Amino acid sequence: MDMDKLVSLCKRRGFLFQSSEIYGGLNGFWDYGPLGVELKRNVKEAWWQDMVRGHDDLATLSGAPEPYEMTGLDCTIIMHPQVWKCSGHYDLFHDYMVDCRESKKRYRLDQVRGRWLEAKGQRIFVATQQGGEEGEAETQQRALKFFNLRGKDVDQLKWDGPLVLLTAVPEFSRVLGPDAKELGTLTPPREFNLMFKTYVGALSGEEGAAFLRPETAQGIFVNFKNVLDSSRVRVPFGIAQMGKSFRNEITPRNFTFRSREFEQMEIEFFCHPKSSPEWYKFWRDRRYAWYLSLGLEGERLRLRDHDQDELSHYSCGTADIEYAFPFLPPGEFGELEGIAHRGDFDLRSHMEGKLVRQGNELVVELDAEGKPRHRGSGKDLSYRDDLTNERFVPHVIEPSAGADRATLAFLCQAYTEDEAPDENGKMQQRVVMKFHPRIAPVKAAVFPLVKKDGMPEVAQRIYRDLKKSFNVFYDEKGAVGRRYRRQDEAGTPYCITVDGQTLVDQTVTVRDRDSLKQWRIKADDTVAEISRLIAGGELAT
Ligand code: ATP
């Protein structure tokens, strides 16, 4: 699929706009338009319904060791600065960046690759931000230019091997930066904390300094005790939260995939340490199945267990759910969600102070004077099982998803070009967004075939009835074929048309977006029929 086509459809039909576009836009920030806001809201509501509200506390779900409870929270974006000191974000949440003195551009070190080559007696490393074949083609073009060679002289370039990461290059004097014309213009890598800093209250000094949250998870940990004391939940249980997070990404790119302001959907699941490996597997598989159930294709979606050396300092196991986004080189996948076994790292950090690993143990990190580097809350965040009387710090499984990345994956998956007959039965090219009916921004469109003979009145009555339960669109302008086409681009799964026969036998036509099948139902049954189709995610039979 051509990503440019999707990006332009998103703007043209009102899924996504660049933030502050009339002022030239702001890199890394995106606005959801009239269709986009409905789509993203449906993604978030599907998650909340399937994981939280609709969860059956009494049942043992397939793959789960026992029944569990789910509850929710909505915490603030700005929290006490100590939260980020104990969580590790203050000291550790950084990427490495390099600057280019020539182009004035900034790059994330781990996103720059390149190839070594020799030509005209000189050995250089040509850097690029692209991967795969595109990266190889780009480095070749730039190497030819650098050595003042023409396309037919390509044999004079003696390449060392495939693309490797810039992290593998110890020193940059022989490096041709991704946008540079001269060698050695990249600065040595520097740390860059990704948290946005702000100031609370009238104090502008460091006393009032605070951070915009880079993840929603910490709000859940610091409220663990409040939830336990105010509701009757018992371990095992999960707390879910969705909301905005902020990261000052060095190189935001790939549409909304890497934004500076984005929304997360996170669950912290608290369980007994002994059963935590089973719960980790349960959540990994359950979350993977969720994306499939909403229409992501198995071949483009994969579950990847992290290698031991990829795990965070606290994690006993992590898996990513990844999607083959069309903007990535073939064979590469981008993360939609991470499912991490976090042990007792978070709750203990907020009790005792910032922890570090020492051998197999997690211990409080000390400063030069032997005092805790970042002091914890001192509150007891352990749990007492009132049946067994056992007291323990629960282990945590964290399925952490991005609402914007999920929405982007659904957009990419939905984009389809195929053919549909026009009014005269002639096949015409169409663009159709094949969203799963549950997440489709508009569930149904209602059309009177013509604007006379009482058809608009009947259509408007059906529209109003449907509006009580669904987002529905009414359209009486232009040829009906063109109206269908507009709904196909919006991803509306069902169109209902009132025509001459309606006036005779009170039936209307339902048209299915994907199969293009049409069938008649009683006008009075429209709400029931659309409800049935949407609930079942069912297409025409
Ligand atoms: P990446 O390696 O891609 O930066 P991450 O591993 O840092 O992601 P997490 O900290 O695990 O991401 O965040 C959980 C989820 O939040 C991610 O799986 C992703 O869906 C979402 N997310 C994280 N950073 C961004 C971002 N800059 N823009 C959009 N979504 C994001």
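Everything numeric here is computed off the predicted structure, so don't read it as measured data. Just follow the structure's listing: the first ligand is 1, and inside any ligand the first atom is 1.
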Quick one: side chain to side chain contact (heavy atoms under 4.5 Å, CB included) partners of V7, sequence neighbours excluded?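 By the side chain to side chain contact (heavy atoms under 4.5 Å, CB included) rule, V7 matches M3, F255.
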
Report the member of [options] with the shortest heavy-atom distance to [atom].
| atom | options | value |
| --- | --- | --- |
| atom 28 (N) of ligand 1 | S245, A406, S259 | S259 |
| atom 9 (P) of ligand 1 | E215, R247, R260 | R247 |
| atom 3 (O) of ligand 1 | E335, R258, E263 | R258 |

Give me the nearest non-hydrogen protein atom to [atom] as residue plus atom name, then the distance to 0.1 Å.
| atom | value |
| --- | --- |
| atom 19 (C) of ligand 1 | R405 NH1, 3.5 Å |
| atom 22 (N) of ligand 1 | F262 CE1, 3.5 Å |
| atom 29 (C) of ligand 1 | F257 O, 3.2 Å |
| atom 14 (C) of ligand 1 | S400 OG, 3.0 Å |

**Message:** Test of understanding: with side chain to side chain donor-acceptor pair (under 3.5 Å), list the residues that count as partners of K105, not counting sequence neighbours.
**Reply:**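 Not a single residue meets the side chain to side chain donor-acceptor pair (under 3.5 Å) criterion with K105.
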
Taking N or O atoms only and a 3.5 Å limit, does [X] qualify as a polar contact for ligand 1?
| X | answer |
| --- | --- |
| E249 | yes |
| Q264 | yes |
| G402 | yes |

Hey, which of [options] is the one that makes salt bridge (charged side-chain N to carboxylate O under 4.0 Å, His left out) with [X]?
| X | options | result |
| --- | --- | --- |
| D95 | R258, R190, R108 | R108 |
| E398 | R342, R284, R287 | R342 |
| E263 | K40, R405, K244 | K40 |

Taking 4.0 Å as the limit for heavy-atom contacts, which would you say applies to L336 with ligand 1: side chain only, backbone only, both, or neither?
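Backbone only.
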
- prompt: Do Q82 and K85 touch side chain to side chain, with heavy atoms closer than 4.5 Å?
  reply: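 Answer yes - side chains close enough.
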
TODO: Mind running ring pair (Phe, Tyr, Trp, His ring centres under 6.0 Å) on Y280 and F269 for me, showing each step along the way?
DONE: CA-CA 9 Å; Y280 165 65; F269 185 79; over 10 Å; no

Could you check, using the six-membered ring where one of them is a Trp, whether Y68 and W283 have ring centers closer than 6.0 angstrom?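 Between Y68 and W283, the centre distance is under 6.0 Å.
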
